Protein chains: 2
Amino acid sequence: MARVRKTVTIRDVAEEAGVSLQTVSRVVNGGPNVRPQLRDKVQAAIDRLGYVPSLAAQRMSGSRSYIILAINDRERTLADWRERMGTDWVDQMLLGGILTCSKHGYRMMVELVDTHSDHVERELGAALSALQPDGVILTPPHSENALITDLLAARGIPFARIGSDAPGAGIRLTMGDEGAAHLATTRLAELGHRRIAMIAGPAQYSLSGWRIEGWRRALAERGLPHEGLLEVGDFGYDSGARAARALLDRNPDLTAIIASSDQMALAALEVARERGLDVPRDLSLISFDNTPIVRFTQPPLTAIDQPIAETVARAVEQLIARSPDADDSAVIEVAAALVERASTAPAPAKIPDRG
Amino acid sequence: MARVRKTVTIRDVAEEAGVSLQTVSRVVNGGPNVRPQLRDKVQAAIDRLGYVPSLAAQRMSGSRSYIILAINDRERTLADWRERMGTDWVDQMLLGGILTCSKHGYRMMVELVDTHSDHVERELGAALSALQPDGVILTPPHSENALITDLLAARGIPFARIGSDAPGAGIRLTMGDEGAAHLATTRLAELGHRRIAMIAGPAQYSLSGWRIEGWRRALAERGLPHEGLLEVGDFGYDSGARAARALLDRNPDLTAIIASSDQMALAALEVARERGLDVPRDLSLISFDNTPIVRFTQPPLTAIDQPIAETVARAVEQLIARSPDADDSAVIEVAAALVERASTAPAPAKIPDRG
DNA sequence: ACAAGTCTTGAGAACGCTCTCAAGTTGCGC
DNA sequence: GCGCAACTTGAGAGCGTTCTCAAGACTTGT
């Protein structure tokens with residue numbers, strides 16, 4: 001009885017409305033030059049039949065695929081990934097990306113690529129050939145990978161790079177890293193802190209450099225020192241612990257740390273606990289990322305909120321709006337914000353005892 | 001100089017190998033009945049040219065689209081979503097889904113749908129028409145939504161439902177909720193706890209019921225009471241706090257709580273702190289989800305690890321392997337595990353003072 | 001060695017849409 | 001009113017695959 005319902009095609013709509021395929025196509029795509037009366041008639045037929053154009057067919061004939069591809073980092077195995085989790089990057093990205101895409105009739109697909117693999121080009125090339133996306137969004141560390149950006153440039157696919165100022169083509173977006181670090185540092189200085197350390201991310205990430213710059217600038221503005229107050233981690237927990245220990249060992253008078261990731265901040269928090277330092281009484285702590293985790297630590301962490309979803313949304317819009325030969329070197333900055341929680345407090349009147 | 005490279009099509013490969021399109025197609029799809037010698041020749045041409053079939057074209061002509069669509073819950077706004085975050089569901093899902101899909105030459109797309117919207121059917125219908133996926137994966141609460149399952153059944157699209165035993169078609173997958181609750185409860189009982197409470201999820205989720213069942217069964221097996229030890233929340237923080245307060249008010253001798261989500265467990269932890277109860281000395285706590293958050297609370301929480309990635313991976317495999325008229329009512333259970341951390345301890349010798 | 005398969009290969013249509021281009025309509029200035 | 005420029009509509013080709021079906025090459029049994 002209930003026969004398998006055949007897909008409604010543009011032809012069905014054309015018949016229903018008594019016009020040609022072409023006219024329906026024009027109405028669907030908001031083409032110009034269709035008389036209002038006819039347009040209404042066709043639109044009515046579309047609504048009646050519940051017609052939605054097939055993405056695949058659109059891609060086949062038209063010049064666009066209506067697909068934006070987001071490239072994300074992939075860890076080698078499931079277990080690895082779970083261990084390393086602690087950021088909601090992907091969630092945020094999807095949220096900003098998918099909603100923005102669908103607002104414009106596009107679709108977002110996610111590809112997981114291992115930057116360190118020898119096959120990056122082949123893997124990515126295969127994805128590009130299969131999907132033929134209209135645009136690609138690169139997140140760190142892929143946005144810094146010349147192999148990838150070159151490949152995209154060679155294929156003539158517009159792309160947006162988030163968090164990188166490595167040379168090369170593509171729209172660039174930053175999440176206000178320099179400003180954010182400056183903001184965090186300034187806030188700590190206002191609270192009376194004089195020795196404010198930074199646990200930075202690895203040097204191959206542009207954003208690590210920006211954050212260091214913002215921190216230095218804020219310190220310089222207030223005549224505060226930066227010597228011996230910088231440690232570099234890899235965004236992971238262990239490296240954060242090492243860095244925190246080194247900083248505390250080297251600076252008995254340290255009262256504030258800015259960590260370049262939530263994971264490293266969590267590690268610093270743990271190290272402080274180990275050493276009997278109370279956060280925030282003895283040591284103030286500010287982290288970057290503001291993932292859900294830091295709202296539930298003890299104390300909850302003051303953090304820089306990176307507007308990931310908004311940034312990806314902007315990237316999508318740029319890629320979609322991009323006319324074929326538009327200016328390819330736009331630089332867009334989305335501002336980050338400081339979310340104050342309980343891990344920051346006025347500097348202690350005197351240096352805490354570090355037995 | 002660098003001309004825009006034209007896409008490599010099956011026709012190019014055919015010419016390069018000196019065979020017909022059809023033969024190339026056969027080789028690409030691992031068709032039978034191609035002589036090894038010819039197959040090698042064609043494969044060589046494919047490799048030389050770096051040919052990858054266009055997904056859109058495959059969809060156009062063939063019967064498959066090579067797309068698996070995952071339906072996820074969508075909160076109304078960006079801000080809402082961020083506030084409610086605290087689970088890495090989507091990350092996990094993508095991880096399991098994307099990797100498994102690409103292993104089989106498929107792609108996964110994610111659609112965010114608001115279950116409570118009046119337009120569910122229209123929204124989802126549009127996505128289905130546009131993408132024509134070969135299979136759909138439904139996560140809670142969508143897996144319980146008859147509007148959605150009926151729509152899929154009517155369209156004849158195979159689908160997998162995760163965490164639901166609501167009647168209707170589709171492959172069903174569970175993450176061992178009954179067993180997991182039983183496991184957690186039993187473990188607490190082994191630690192000497194006699195009054196073990198459960199903060200359950202909302203009744204409209206099948207998994208809430210399963211967890212209650214598992215908890216009851218474990219209690220019954222050991223002759224422990226369950227009266228007055230059940231509260232229902234909505235998985236969110238606030239509801240967890242309310243539930244924890246109610247349980248503690250009502251049961252002065254309560255020494256253990258199982259919470260049906262990390263958020264609710266975090267709330268219970270906070271309520272315990274408010275009341276001067278030490279976790280785990282005075283109160284043991286086990287949560288469901290095991291999202292990254294609970295590794296960094298103070299103390300880190302013992303939690304049931306739901307194998308989301310693995311479950312989605314299984315779902316994908318089922319959908320892909322599914323022959324057109326295969327058995328449509330498979331039920332698959334992936335076992336959850338208990339990850340012991342510092343929020344569980346032997347029951348206190350005497351009931352803690354609850355001033 | 002011959003009929004009756006089975007294997008291998010290819011030709012051509014079809015998928016659903018947009019593109020290009022041509023034809024028919026309408027509007028406007030003189 | 002006429003000619004030229006719009007604007008409006010439609011016809012047909014083409015996108016890159018796979019499908020169906022037919023033709024040729026090779027087996028096998030007797």
Side-chain angles (χ1 to χ4, degrees), chain A residues 4-43 45-46 49-67 105 107 126 128-132 134 324, chain B residues 5-42 45-46 49-67 105 107 126 128-132 134 324:
Chain A
V4 174
R5 192 174 68 200
K6 206 180 149 296
T7 317
V8 177
T9 75
I10 199 172
R11 172 164 286 110
D12 301 323
V13 178
E15 274 176 21
E16 174 85 8
V19 298
S20 72
L21 301 188
Q22 185 49 42
T23 302
V24 178
S25 176
R26 286 198 185 93
V27 173
V28 169
N29 297 297
N33 305 342
V34 179
R35 271 202 309 233
Q37 182 190 347
L38 232 201
R39 177 180 298 277
D40 292 346
K41 194 163 113 191
V42 173
Q43 188 60 53
I46 290 175
L49 268 45
Y51 168 72
V52 176
S54 148
L55 209 74
Q58 288 187 113
R59 161 64 239 173
M60 279 303 292
S61 49
S63 47
R64 284 175 300 179
S65 66
Y66 297 97
I67 288 180
R107 296 275 156 183
L128 295 178
S129 298
L131 300 172
Q132 297 172 278
D134 288 342
Chain B
R5 192 174 68 199
K6 206 180 149 296
T7 316
V8 177
T9 77
I10 199 172
R11 173 164 284 111
D12 300 323
V13 178
E15 275 177 22
E16 175 85 8
V19 299
S20 74
L21 301 189
Q22 186 46 43
T23 303
V24 178
S25 177
R26 285 198 186 92
V27 173
V28 170
N29 297 298
N33 305 343
V34 179
R35 271 201 309 234
Q37 183 190 346
L38 233 199
R39 179 180 297 277
D40 292 348
K41 195 164 113 189
V42 172
I46 290 175
L49 267 44
Y51 167 71
V52 176
S54 149
L55 209 74
Q58 288 187 114
R59 162 63 239 173
M60 279 303 293
S61 50
S63 47
R64 285 175 300 179
S65 66
Y66 297 97
I67 288 179
R107 297 274 156 184
L128 295 178
S129 298
L131 299 172
Q132 296 171 277
D134 289 342

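If you're wondering where the values come from, they're calculated on a predicted model, not measured in any experiment. Naming convention: chains lettered A, B, ... in sequence-line order (proteins, then strands); numbering from 1 in each chain.
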Notebook entry, point to check: What string of B, S and - do you get for nucleotides 12-28 of chain C, 5' to 3', when a contact is any protein heavy atom under 4.0 Å?
Noted result: ---BBBSB---------

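In this structure, B:Lys41 places its NZ atom 16 Å from P of C:dT8, rounding to the nearest Å. One can place CG of B:Leu38 at 12 Å from C1' of C:dG10, the figure rounded to the nearest angstrom. Following rounding to the nearest Å, B:Glu15 (CD) and D:dG16 (P) show an atom-to-atom distance of 13 Å.
Nearest heavy atom pair, residue B:Thr23 against residue B:Val42, reads CG2-CG2, 4.3 Å. Nearest heavy atoms, B:Ser65 versus B:Leu55: O-CG, 4.1 Å.
Between A:Asn33 and D:dT8, a side-chain N or O to OP1/OP2 separation shorter than 4.0 Å is present. Side-chain N/O atoms of B:Thr23 include one lying less than 4.0 angstrom from OP1 or OP2 on C:dG10.
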Note to self: Checking A:Ser25 against A:Ile10 for the side-chain contact (heavy atoms from CB on, under 4.5 Å) test, could you report, in this order, the C-alpha distance in whole Å, the side-chain angles of both residues, the deciding distance, and whether it holds?
What the structure shows: CA-CA 7 Å; A:Ser25 176; A:Ile10 199 172; 3.9 Å; yes

Margin query: A:Ile67 vs A:Gln132, test: side-chain contact (heavy atoms from CB on, under 4.5 Å). Steps then yes/no.
Written below: CA-CA 8 Å; A:Ile67 288 180; A:Gln132 297 172 278; over 6 Å; no

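Between the side chain of A:Asp40 and the main chain of A:Gln37, no donor-acceptor pair closer than 3.5 Å is present.
At a threshold of 4.5 Å between non-hydrogen side-chain atoms, the residues A:Thr9 and A:Asp12 count as touching.
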